[in-house]
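For reference, the structure discussed in these notes is given below.
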Amino acid sequence: MNFDRYFSRDANSFRPSAIRAFAKLINDPNIISFAGGVPNPETFPAERIAVLAAQVVRERRHVALQYGPTRGLPRLCPAIAEIMRERGVACTAEDVLTTTGSQQALDLIAHTLLDPGDVVAVELPTYIGGSASFFARSAELAGVAQDDDGVVPESLRELASKRRIKLLYTIPNFQNPSGRLMTQARRDAVLQLAEEFDFLVIEDDPYGELVYVDGADTTAMKSRDTTGRVLYLGSFSKVLAPGLRCGWIVAAKPLLARLEIAKQAADLCSGMLDQSIVDELIANGELAPQIERVRAFYRGKRGVLIEELERHFSGRAQWTSADGGLFTFVTMNDGVDTASRLNDAVANGVAYIPGGPFFVDGSGANTMRLTFAKESDDRIREGVARLARVL
Ligand SMILES: Cc1ncc(COP(=O)(O)O)c(C=O)c1O
């Protein structure tokens, strides 16, 4: 039977992830993989999670195994508000809606704010899961240029002058896929444009805690949002474990109230077991030392990857400094089409993610995303040497 006539208009706008297809490259041990988009399992506090999971299941089954409030576990919301205050944002528990990962936040926001044809401005390049949420509501995505300081205000102004933008989606801290950190001056410029052209801003921040250099200013845009235009998304995926589907939205109360209703329909509440484990970790003061461990784990790997890129690709390519997060983004000077070279690379035992799918305007064929999260220092060295031979 052909089911096409049953699909909704939105379902016909769904876009499968162009990079999930590459995921199989991550697991072959013969292939040195820069292709992953996931944290390294060695950073997961697995033993502590095991202990706390057993504890909350045995001692607090009426909470951890029960339905809970849509807003979130009552003790976790103020703990998240405290995290937000540390990030410079005036926030109380009433400003927080927990979500099933920040991916759900993107979906809920798209569902709540977007009508078919609405224009969402996204960075060039941008996170595929973000674009997928907007495409799934039949929105139109328009690209905004990015340089090493983040969103280019002139490009955003030009777009906003031509099209009625409803939402801007930005990842200011160590963006996926580019690894870039937006300067505070650029954040101010973006906020000013949001005021001038009357659009809302999604500030997606799963990587802000993964900092590897001194002096990186990751202060949230939301901290200077005086009119409530910014919807801030946070997540424990990169500092604890993404299998604990635990993220959150901080937004103006009228927006949050509507998002809460959308969430009631989506899943009633996020996993209470996951939230209970995260809540216990935070209450025990275990989050800060865990973040330090994660930073230390990635800092060295990031250094090795950047050093090897300098050794093998100087003069042939440019790459972002990846002062935090999980990725560096490489742009080949000579217009090499990275997608067409991937099979060759894999045959030579190295994998990466071609950058094209991250650009909604169809550009970026000569770019690629590399993660330093997965491989050992030695394999990173060997992997970059292989890459240099193939490209
Ligand atoms: C920029 C960005 N936003 C959101 C997500 C989704 O994260 P979560 O596990 O919190 O749903 C990711 C995951 O990689 C991401 O890179």
Side-chain angles (χ1 to χ4, degrees), residues 17-20 22-23 26 34-41 43-44 72 76 80 83 96-110 120 122-136 141 146 150-151 167-182 201-210 218 220-222 230-250 259 263 266-267 270-271 274-275 277-278 291 294 298 320 322 324-329 353 355 357-360 369-374:
S17 167
I19 63 166
R20 285 249 153 166
F22 301 125
I26 305 170
F34 301 120
V38 299
N40 191 310
T43 64
F44 304 159
L76 183 58
I80 290 172
I83 290 172
V96 176
L97 175 68
T98 61
T99 56
T100 302
S102 51
Q103 190 63 44
Q104 185 190 39
L106 291 165
D107 183 59
L108 295 177
I109 292 169
V120 181
V122 300
E123 294 162 326
L124 294 170
T126 191
Y127 168 56
I128 303 243
S131 358
S133 299
F134 310 133
F135 280 130
L141 275 66
Q146 200 191 46
V151 165
L167 265 179
L168 166 72
Y169 174 55
T170 178
I171 307 152
N173 291 331
F174 315 121
Q175 199 226 29
N176 180 4
S178 74
R180 287 180 178 124
L181 175 69
M182 194 173 351
V201 178
I202 302 177
E203 178 179 28
D204 188 8
D205 187 19
Y207 299 104
E209 300 282 10
L210 304 188
T218 58
M221 241 158 129
K222 180 79 185 151
V230 179
L231 298 97
Y232 178 96
L233 311 189
S235 172
F236 293 107
S237 288
K238 306 304 187 304
V239 291
L240 292 176
L244 298 170
R245 301 300 298 134
C246 215
W248 69 90
I249 307 175
V250 168
L259 290 163
K263 183 170 167 62
D267 64 356
S270 292
D274 296 18
Q275 291 185 70
I277 294 167
V278 172
I291 290 172
V294 177
Y298 291 125
T320 57
L326 299 179
F327 309 106
T328 183
F329 203 66
I353 299 287
F358 299 106
F359 291 80
V360 295
R369 188 187 73 182
L370 306 181
T371 184
F372 42 83
K374 175 161 187 277

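Ligands are counted one by one from 1 in listed order, and the atoms in each one are counted from 1 as well. Along the sequence shown, residues carry numbers from 1.
For the pair Phe44 and Pro39, the tightest heavy-atom approach, listed with the atom from each and the gap, is CE2-CB, 3.9 Å.
Applying the side chain to side chain contact (heavy atoms under 4.5 Å, CB included) criterion to Thr218, with sequence neighbours excluded, gives Asn173, Phe174, Leu181, Val211. With sequence neighbours left out, Arg369 forms a salt bridge (charged side-chain N to carboxylate O under 4.0 Å, His left out) with no residue at all.
Ser270 and Lys263 share a side-chain donor-acceptor pair at under 3.5 Å.
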Name every donor-acceptor pair, under 3.5 Å, that has one atom in a side chain of residues 123-133 and the other anywhere in the protein, sequence neighbours excluded.
from, atom 1, to, atom 2, distance (Å)
Glu123, OE1, Ile171, N, 3.2
Glu123, OE1, Gln175, NE2, 2.8
Glu123, OE2, Thr170, OG1, 2.6
Tyr127, OH, Gln103, OE1, 2.7
Ser131, OG, Tyr127, O, 3.2
Ser133, OG, Gln103, NE2, 3.2
Ser133, OG, Gly129, O, 3.1

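Inter-residue side-chain proximity for Tyr169 and Leu106 is flagged as met; some heavy-atom pair is nearer than 4.5 Å.
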Show the distances, to 0.1 Å, for all pairs joining an N/O atom of ligand 1 and a protein N/O atom that are shorter than 3.5 Å, listing one pair per line.
from, atom 1, to, atom 2, distance (Å)
ligand 1, 3 (N), Asp204, OD2, 2.6
ligand 1, 7 (O), Ser102, OG, 3.3
ligand 1, 9 (O), Ser237, OG, 2.5
ligand 1, 9 (O), Arg245, NH1, 2.8
ligand 1, 10 (O), Ser102, N, 2.7
ligand 1, 10 (O), Ser102, OG, 2.8
ligand 1, 10 (O), Ser235, OG, 2.6
ligand 1, 10 (O), Ser237, OG, 3.3
ligand 1, 11 (O), Ser102, N, 3.1
ligand 1, 11 (O), Gln103, N, 2.9
ligand 1, 11 (O), Arg245, NH2, 2.8
ligand 1, 14 (O), Tyr207, OH, 3.4
ligand 1, 14 (O), Lys238, NZ, 3.1
ligand 1, 16 (O), Asn176, ND2, 2.8
ligand 1, 16 (O), Tyr207, OH, 2.6

